[in-house]
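Down below is the structure, laid out as structure tokens.
Excluded from the calculations below are hydrogen atoms, water molecules and symmetry mates; all remaining heavy atoms, backbone and side chain alike, are included. None of these values were measured; they are calculated from a predicted model.
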Amino acid sequence: MNYPNLFKPIQIGDTLFRNRIFAAPMGHPDNVMGKFSDDCIAFFERKAMGGAACVTLGEACVDSTYGKGYAAEISLDSRQPLRGLTKMADAIRRHGAIPSIELQHPGMKAVPKVYTPGVGTTSDIIYGPSDDEFAGYPVKEMPEEIIYEIIEKFANAAKFCKDAGFGMVMVHAGHGWLLNQFMCSRINRRTDKWGGSMENRARFTIEVVDAIHKKCGKGFPVEVRISADECSPYGYTVEEGAAFAQMLVGHADLINCSVGCGVGLPDKARTTVITFPSMYGPDGQNVKYAAAVKEKVSGVYISTVGALTDPAMMEDIIASGKADIVEIGRGLTCDPDIPYKARDGREDEIVRCMRCNACFSSGMQKGHFWCALNPVANREREFARITKPADKKKVLVVGGGIAGMQVALTAVENGHEVVLCEKDGALGGHIRCEEQVPFKKHLKEYIDQQICKIGKTDIDVRLNTEVTPEYAKEIGADVLIAALGAKPVKPAIPGIDGENVYFAEEVYTNPDLAGENVVIMGGGLVGMELAIYLKSLGKNVNVLEMAPRMNMGPNPIGVQSVEVALSDNGIVPNFSTKVTKVEAGGVWGETKDGEKFFPADTVVCALGQKSLTEEAMALYDCGGRFTAVGDCVIPGNISEANASAKTVALDIGRL
């Protein structure tokens with residue numbers, strides 16, 4: 001048996017869970033007050049189909065009077081979400097997984113006067129443990145009668161969810177939410193029985209858990225999420241987190257050891273990046289906190305969460321006693337089949353989340369969770385409707401990068417004859433230049449997986465083949481899909497053709513080209529990540545960016561991750577700096593304080609990409625239907641390229 005500890009069932013309360021892999025709580029933007037769209041339900045259902053033992057919905061409000069963070073949040077003190085919750089629970093449970101839901105109260109993080117149709121308007125009073133201020137709003141000390149009212153609301157919410165078909169609830173007592181606020185001595189300055197000692201500060205959470213068990217039954221499992229460590233010099237350490245966990249023994253059935261806090265810390269961005277680990281840190285980087293808690297606490301199950309996708313690592317976590325359960329969030333969005341792939345011995349097929357935070361960012365910016373590496377994520381129903389076409393076509397794919405490989409694989413899976421041409425000597429495209437960068441290892445794994453999949457098909461791969469119009473016509477394809485990509489932008493700057501100037505791709509491929517002192521022109525993602533990489537190799541790096549801030553597009557969580565990584569590496573970008581001239585010994589830049597010289601042995605150009613539009617247009621009449629995908633349409637990201645490539649390939653032969 002593969003991974004016997006990871007796949008050993010576990011009984012929590014009166015409920016049997018089929019293995020030790022839980023889908024960590026995730027909110028979903030395609031949900032208005034519990035009126036889940038069919039796409040939203042399919043998103044969570046897919047995790048259950050992939051073998052997770054428990055699937056948890058995030059961000060459910062227990063108190064619509066004092067505890068809403070935004071209008072569309074599920075209000076569990078209303079009957080309104082019953083139909084949606086019932087349908088969601090059924091979709092998860094039918095696949096053998098236990099549906100759970102995260103019960104939240106923001107406390108001092110609540111937003112006053114939020115109107116929710118059918119529910120009403122929240123109070124203009126914000127309550128926290130003590131008199132305070134948060135986000136510009138005054139916070140009042142929560143009266144004891146309100147405390148008891150909220151305890152009852154937690155219990156009622158749990159019973160409501162149980163009646164809707166949920167088999168467990170998670171009480172959120174971490175990340176700066178209300179119960180965590182009461183636990184934190186720097187926030188909770190009360191002198192009554194709800195403040196002071198750890199026993200008093202933990203009382204609110206304990207009474208919530210006990211009230212849920214009283215209303216739902218002792219055997220109904222209650223998981224409590226805590227911040228085992230706030231991961232900040234201004235916050236509490238794992239010793240206090242363990243003390244809090246110890247207070248929960250005999251009350252909670254499972255303690256989920258997350259980290260970080262969203263209240264009262266001056267370095268919130270740093271703690272957020274630790275709560276939701278970025279690609280710049282190692283896999284499983286937060287396991288140590290759960291292990292430290294488990295070492296000090298007995299009599300309750302402990303789970304860990306954060307940057308987990310490797311079955312061997314997860315098996316070791318369980319086998320060595322660091323935790324009893326592993327919880328996966330973004331990883332199961334990237335590949336919901338991790339449990340079954342691991343159980344079946346198909347570890348090499350697991351698509352490892354590269355922690356780029358495309359999912360978070362698209363959810364925050366566009367209202368949809370979209371994954372860079374899994375184009376089906378949050379489009380499950382759309383792709384399920386597309387059946388294999390009866391009309392087999394000959395397909396020519398020009399370009400073997402991310403988009404081209406996705407097109408070719410999807411087309412051949414649908415029964416088409418595929419010719420894939422790549423002008424270079426290997427598939428993968430220009431992004432392969434980053435394959436030796438340590439924090440891009442999961443991207444390299446993904447590209448290698450795609451190449452391996454192609455090798456197992458009958459796709460006619462033609463490397464070192466530049467497709468001209470004449471060549472394309474000779475192939476005689478019914479469908480031609482151009483996935484030619486883009487090339488680096490070369491600005492008209494004096495000295496740009498100097499021997500000391502390279503494009504970012506060249507330096508990524510061969511970092512030995514970079515001297516001891518490097519200036520990178522361009523503060524987008526490519527330039528910033530190259531700076532982090534070169535700094536790790538011992539180079540002195542200056543980044544010059546014309547804009548007043550980081551130029552990374554709509555990826556706020558990604559921006560935070562990069563900012564923290566830059567800070568950790570001692571890199572301070574020079575914003576509002578326009579390069580005016582490149583010389584053998586460095587770069588001249590126009591700053592807010594006038595012209596300045598930046599010494600450099602090597603100058604790197606990372607000023608964006610220009611689509612290979614003309615090359616694509618030259619092929620439009622060379623092979624039946626014509627479509628262009630990926631960067632040759634407009635430079636974009638991996639998520640957009642993959643989604644378009646898969647969809648276009650599925651369209652072949654349908655009409």
The single option from Asp424, Asp448, Leu443 passing side-chain contact (heavy atoms from CB on, under 4.5 Å) against Arg432: Asp448
query: Is it the case that Ser258 and His175 place a side-chain donor and acceptor less than 3.5 Å from each other?
result: yes
- request: Taking the side chain as every heavy atom from C-beta outward, state whether Tyr533 and Met528 have any atom pair closer than 4.5 Å.
  value: no
query: Side chains of Lys596 and Thr577: do they bring a donor and an acceptor to under 3.5 Å?
result: no
query: For Phe43, is the NZ or CZ atom of Lys47 found under 6.0 angstrom from the centre of its six-membered ring and inside 45 degrees of the ring axis?
result: yes
message: Tell me the closest heavy-atom pair linking Leu420 and Ala408, and the distance in Å.
response: CD2-CB, 4.1 Å
- request: Please determine, by modelled atom types, if Asn574 and Asn542 share a side-chain donor-acceptor pair under 3.5 angstrom.
  value: yes
field: Over all atoms of both residues, closest heavy-atom pair of Asn500 and Glu583
entry: ND2-O, 3.0 Å
- prompt: For residues Tyr446 and Asn374, is any side-chain donor paired with an opposing acceptor at under 3.5 Å?
  reply: no
field: Flag for Glu529-Tyr508: side-chain donor and acceptor within less than 3.5 Å
entry: no
query: Does the side chain of Glu640 come under 3.5 Å of the side chain of Ser644 through a donor N or O and an acceptor N or O?
result: no
- line: For Met279 and Cys356, the nearest pair of non-hydrogen atoms, with its separation, is CE-CA, 3.8 Å
